Number of protein chains: 4
Amino acid sequence: MRPNIKNIAVLTSGGDAPGMNACIRAVIRTGIYNGINMFGVMQGYQGLITNNIIPMDARSVSNIIHLGGTILKTARCLEFKTKEGMQQAYDNLQARDIDALVVIGGDGTFTGAQRFSKEFGVKVIGVPGTIDNDLYGSDFTLGYDTAMNTVIEAIDKIRDTADAHDRLFFIEVMGRDSGCIALRSAVATGAEAVLLPEKQTSLDELITQLESGASTKKTSSIVIVSEGHKAGGAYDIANRVKERFNHYDTKVTILGHLQRGGSPSSFDRILGSRLGFAAVNELLKGNTEQMVGLRGNDVKTTSLDEALNKHSFKLEADLLEMAKVLSI
Amino acid sequence: MRPNIKNIAVLTSGGDAPGMNACIRAVIRTGIYNGINMFGVMQGYQGLITNNIIPMDARSVSNIIHLGGTILKTARCLEFKTKEGMQQAYDNLQARDIDALVVIGGDGTFTGAQRFSKEFGVKVIGVPGTIDNDLYGSDFTLGYDTAMNTVIEAIDKIRDTADAHDRLFFIEVMGRDSGCIALRSAVATGAEAVLLPEKQTSLDELITQLESGASTKKTSSIVIVSEGHKAGGAYDIANRVKERFNHYDTKVTILGHLQRGGSPSSFDRILGSRLGFAAVNELLKGNTEQMVGLRGNDVKTTSLDEALNKHSFKLEADLLEMAKVLSI
Amino acid sequence: MRPNIKNIAVLTSGGDAPGMNACIRAVIRTGIYNGINMFGVMQGYQGLITNNIIPMDARSVSNIIHLGGTILKTARCLEFKTKEGMQQAYDNLQARDIDALVVIGGDGTFTGAQRFSKEFGVKVIGVPGTIDNDLYGSDFTLGYDTAMNTVIEAIDKIRDTADAHDRLFFIEVMGRDSGCIALRSAVATGAEAVLLPEKQTSLDELITQLESGASTKKTSSIVIVSEGHKAGGAYDIANRVKERFNHYDTKVTILGHLQRGGSPSSFDRILGSRLGFAAVNELLKGNTEQMVGLRGNDVKTTSLDEALNKHSFKLEADLLEMAKVLSI
Amino acid sequence: MRPNIKNIAVLTSGGDAPGMNACIRAVIRTGIYNGINMFGVMQGYQGLITNNIIPMDARSVSNIIHLGGTILKTARCLEFKTKEGMQQAYDNLQARDIDALVVIGGDGTFTGAQRFSKEFGVKVIGVPGTIDNDLYGSDFTLGYDTAMNTVIEAIDKIRDTADAHDRLFFIEVMGRDSGCIALRSAVATGAEAVLLPEKQTSLDELITQLESGASTKKTSSIVIVSEGHKAGGAYDIANRVKERFNHYDTKVTILGHLQRGGSPSSFDRILGSRLGFAAVNELLKGNTEQMVGLRGNDVKTTSLDEALNKHSFKLEADLLEMAKVLSI
């Protein structure tokens with residue numbers, strides 16, 4: 001088969017996520033295997049503009065499948081939103097005969113890619129890479145599974161510490177707009193309560209919930225707080241609970257960026273490999289402006305248009321209901 | 001809604017798998033929440049016969065969601081295959097007014113459950129729990145994800161050791177009839193070769209594959225051997241390779257039962273919770289002889305008939321092909 | 001040898017620490033082995049007063065060596081500081097013919113034990129159990145090694161995330177009065193700066209240090225903040241750095257109580273076993289008011305008097321100097 | 001102070017061990033800090049002969065402190081035992097004005113270093129780096145603590161699997177001549193029996209021991225086998241037990257090289273840093289033919305002569321006795 005493209009470059013953009021390296025490896029090697037010249041772009045769209053574009057061969061991605069982060073680095077880049085920035089990026093690609101791009105990231109990344117395709121004709125395929133699992137078109141995004149494991153290991157450790165009826169642990173997890181990590185980690189750890197960005201929970205409701213737990217002889221209480229929850233961060237909420245109920249001893253943990261790191265789980269390595277492999281195969285077939293994603297156990301494509309328009313995480317209502325039943 | 005059943009018991013049978021405790025917890029609490037009296041059966045079908053059946057409440061499954069193994073233990077039980085054994089089991093259930101059973105295990109477990117339902121009218125729902133991921137009707141079985149993470153962490157550590165062109169590591173993983181763990185762990189770790197039960201690989205082929213890797217400057221070689229591979233265990237294969245090529249230094253690791261243990265991953269905890277929750281809800285609806293499973297991101301039912309008849313793991317040909325491309 | 005004591009009880013007090021269960025197991029089994037009746041006291045000194053004292057045999061400590069936390073629970077107990085409280089505790093012990101006590105905890109725990117011995121003649125041996133490693137008479141306290149591993153795994157994950165010259169990570173670790181965790185974790189992770197309770201570091205100094213790192217092309221900066229540092233918690237410091245240098249993007253992680261949990265490391269399990277074993281052997285020899293501790297690779301005793309009087313963690317000046325050299 | 005040496009090179013030799021990278025980093029940076037030109041030698045003594053010697057600066061050891069293995073690789077090298085080999089090595093060092101060497105490894109490594117110093121006048125300092133912990137002059141060798149944690153995590157997972165009175169798990173750990181890993185991991189996991197190279201245990205004794213455990217209601221049995229045990233590997237022993245007692249179901253795990261890998265523990269990172277720092281400081285003072293080691297909480301030197309002559313691991317008799325008491 002005569003490939004429909006000449007050279008391919010790959011970049012990672014937005015917040016990094018475990019599994020990105022597995023995906024980069026798959027992109028590079030699938031391209032090489034098919035006789036394409038492959039390039040890596042450093043620091044996302046910024047590297048396109050600053051011409052930080054490096055030729056890569058099969059060995060340049062050896063021994064990276066198990067590493068957290070991204071060897072290509074990532075950066076947020078305002079300049080790529082301008083006409084001039086895009087033109088510069090295009091010129092740099094042209095100079096190397098690169099006519100196709102695999103972009104790994106979230107919806108901001110895809111928005112840029114789509115414009116770049118429409119305005120300059122560079123073929124683009126998107127790979128959903130974000131720990132927030134908030135993209136349409138893929139059951140799971142790259143990095144989410146690893147982040148979940150990191151979160152539950154942390155919470156398990158907090159559970160270990162000596163129980164006391166009057167002690168409350170507040171644990172803040174990532175998810176500015178999406179409570180996916182918070183809700184699922186509450187299910188996976190049997191947390192007593194969870195505060196989500198998608199759902200208003202008043203202090204009264206929270207306290208009622210915790211006290212009903214106390215009455216059924218729960219020996220300790222863990223509250224998971226999504227960083228995007230309206231009532232404020234875990235610290236603020238812990239303080240307000242303490243103010244009203246000074247018999248509670250409240251303790252706070254903020255997981256922060258450690259949720260982004262760590263060696264990718266098996267799930268994320270396989271997902272990254274499959275999506276990277278599929279992304280290049282889509283380009284080889286001449287496709288563009290698509291996102292590759294996991295549906296069930298299969299890799300499927302969704303147009304970037306659809307992915308971006310339908311993007312808006314729906315809280316998993318069935319899980320929320322189940323969480324309530326299982327935390328009795 | 002008036003439930004269609006009186007009391008429910010839950011048991012785990014066959015090889016244990018991480019996530020079984022999360023599932024037991026979900027079964028018990030979902031039943032309690034719906035006003036059902038709940039029971040746990042110790043040591044699988046054997047406990048049914050020996051009358052080792054324990055009333056359980058919401059607190060009896062506290063603080064187990066993160067534990068490996070199964071608090072109900074498991075055992076293989078030949079006696080349950082006899083008419084007398086089943087009769088005894090039935091009598092013991094009758095004495096407690098238990099008319100429904102959730103069984104967590106593999107196909108042997110389901111075969112027993114189905115006969116029990118057909119011959120004695122006890123309602124049964126099966127939950128796929130086995131690290132082998134070889135059941136029809138669920139994209140993933142309980143325990144598989146955790147086992148995969150255990151395997152790749154072990155292989156990552158072996159990768160760490162000093163590289164040398166003439167050193168081969170053979171790592172034996174579980175899967176007597178199914179190469180699912182072997183194939184996917186090869187993908188997830190970038191192993192140089194994999195020997196599967198479903199696919200004959202001659203010693204010549206293996207060596208050719210390894211030598212082509214050497215020629216492309218791979219700095220170390222890892223061969224994953226499924227315990228069911230026809231050529232024998234990892235030791236035998238390592239010895240035969242060494243005999244023919246005495247310049248190779250071969251090292252062997254047998255992971256064995258450590259693949260069954262460990263705190264369940266987030267994926268397995270959520271899967272176990274969802275399947276346990278669903279299993280009881282199926283019984284509440286009056287259903288029987290069904291398996292609950294994960295398809296995509298949804299829980300779906302499959303009849304035990306279908307699950308048992310279509311059970312025969314098909315090697316994931318697309319992953320096998322991809323593994324070849326990505327290990328260049 | 002005729003033992004000098006009749007029955008022995010063991011308790012854990014103060015903040016819990018990984019390895020306490022290994023120690024409890026060793027205490028119980030060493031006593032049983034020597035023909036002593038053994039008891040466990042729940043929730044530290046409080047259980048002595050409320051008479052929550054349980055007979056224990058060899059099997060009651062099965063399968064706990066690997067568990068975090070303490071099966072005996074712990075609690076802070078003001079009442080034990082009163083004459084009446086101690087009398088009540090003594091009466092409860094008398095009722096069971098318990099004349100000796102192993103107490104696992106920190107200096108507060110030892111102070112209580114010593115008074116109890118002096119005023120009521122109960123024989124006491126102390127085991128240093130606290131993650132802070134701030135006791136005189138033992139190179140390492142129980143739980144410290146595990147806590148250190150927890151901290152460095154967290155920091156390693158933060159290191160994974162995409163590097164940027166203008167990003168600073170502030171990580172708050174435990175140690176209200178002792179910078180031992182902070183200093184050693186800075187060494188073990190190659191952190192760019194560390195703020196200790198024992199050492200005033202001005203904001204100016206901190207920023208100078210970070211900027212010199214930037215000039216030598218460090219690709220990311222991690223600052224470890226001991227919770228006891230005078231300038232305030234990690235949040236406050238991060239905010240003040242950001243105020244002065246708005247080109248810095250600051251991110252905060254508060255590890256909190258997760259540092260207390262987790263399965264104990266091999267080091268802590270062996271230490272706990274050895275100290276528990278030694279504690280009972282000291283009692284069998286008729287000794288009292290001693291602390292057992294690790295010096296080099298040997299278990300040695302220190303009088304509680306000396307342990308309490310010399311207790312005041314000296315910052316390890318050689319490590320501090322070394323940290324400076326190694327972070328160039 | 002005017003340093004007594006010109007340029008320093010560092011190498012790792014023999015089996016690799018976690019913490020070697022932390023040590024390399026400390027050696028390089030301590031040298032740079034003191035104004036010395038620093039070099040890394042690839043693949044141990046072999047790189048000295050093949051002239052694979054690389055100038056290193058402070059940045060060349062960035063971000064390696066947490067990595068398993070050794071960035072300098074290691075190899076066994078017969079040629080360095082010859083006069084010609086040493087001469088070639090010496091010439092290569094001379095060409096770069098390197099007059100001092102830090103060697104990280106075990107007794108084979110030190111023997112070579114000592115001869116090199118005596119015959120060619122190159123100043124040498126040894127750092128004890130081996131997971132076997134079998135060197136005189138250091139309470140702990142680099143890598144041992146990490147290996148121990150790897151071993152106990154594996155055994156913990158095996159413990160998780162369903163218990164049965166008639167099931168025996170045999171786990172083979174490293175230690176050809178030294179039972180240090182085997183004995184200490186038996187203590188740390190509460191194994192039912194341990195077979196050591198230093199101590200003959202007959203099959204009869206083993207079985208007696210296991211059966212007495214069974215009679216006291218132990219629910220599962222784990223036997224740790226040191227690879228150097230006279231009765232043969234774990235497989236052979238498991239088979240012989242099974243032959244005689246066919247009611248036992250025996251399962252085997254061979255940990256193999258995974259014990260060498262993994263991110264170093266906090267203990268090993270700090271130990272590696274301290275020893276590397278000390279090694280260079282010894283050279284700066286003009287010292288040679290010394291090993292730096294940990295005694296208690298201090299770094300002390302031992303002459304290579306003494307280290308090599310007194311090298312012969314004495315089984316820790318007190319731990320062996322304690323293990324017996326604690327496994328009742």
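A, B, ... follow the sequence lines: proteins, then strands. Residue 1 opens every chain. Values in this document were obtained by computation on a predicted structure and should not be read as measured data. Side chains included, hydrogens not; waters and symmetry mates left out as well; all remaining heavy atoms used.
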Side chains of D/Asn297 and C/Glu316 in contact at under 4.5 Å (non-hydrogen atoms): yes
Separation between CZ of D/Arg274 and CE of C/Met322, rounded to the nearest 0.5 Å: 6.5 Å
Over all atoms of both residues, closest heavy-atom pair of D/Leu326 and C/Ser273: CD1-CB, 3.7 Å
Considering all heavy atoms, the nearest D/Asn149-C/Phe267 contact: OD1-N, 4.5 Å
Minimum heavy-atom distance between C/Thr30 and D/Val325, given as atom pair plus value: CA-CG1, 3.9 Å
Segment of D/Ala26 engaging chain C (4.5 angstrom heavy-atom cut-off): both
Side-chain donor/acceptor of C/Arg269 to backbone N/O of D/Val187, under 3.5 Å: no
Separation between CG of D/Asp160 and CG of C/Asn63, rounded to the nearest 0.5 Å: 9.0 Å
Chain C interface, residue from D/Ala58, D/Ser266, D/Gly296 that has the most non-hydrogen pairs under 4.5 Å: D/Ser266
Heavy-atom pair count under 4.5 Å with chain C, highest-scoring of D/Ile155, D/Leu294, D/Thr189, D/Ile28: D/Thr189
Chain C contact via D/Asp156 - side chain, backbone, both or neither, heavy atoms under 4.5 Å: side chain
Winner by heavy-atom pair count (cut-off under 4.5 Å) against chain D, out of C/Asp318, C/Asp139, C/Val299, C/Asp145: C/Asp139
Nearest-0.5 Å distance, OG of residue C/Ser265 to CE of residue D/Met148: 9.5 Å
Top of D/Val61, D/Ile65, D/Val151, D/Leu319 for chain C proximity - count of heavy-atom pairs under 4.5 angstrom: D/Ile65
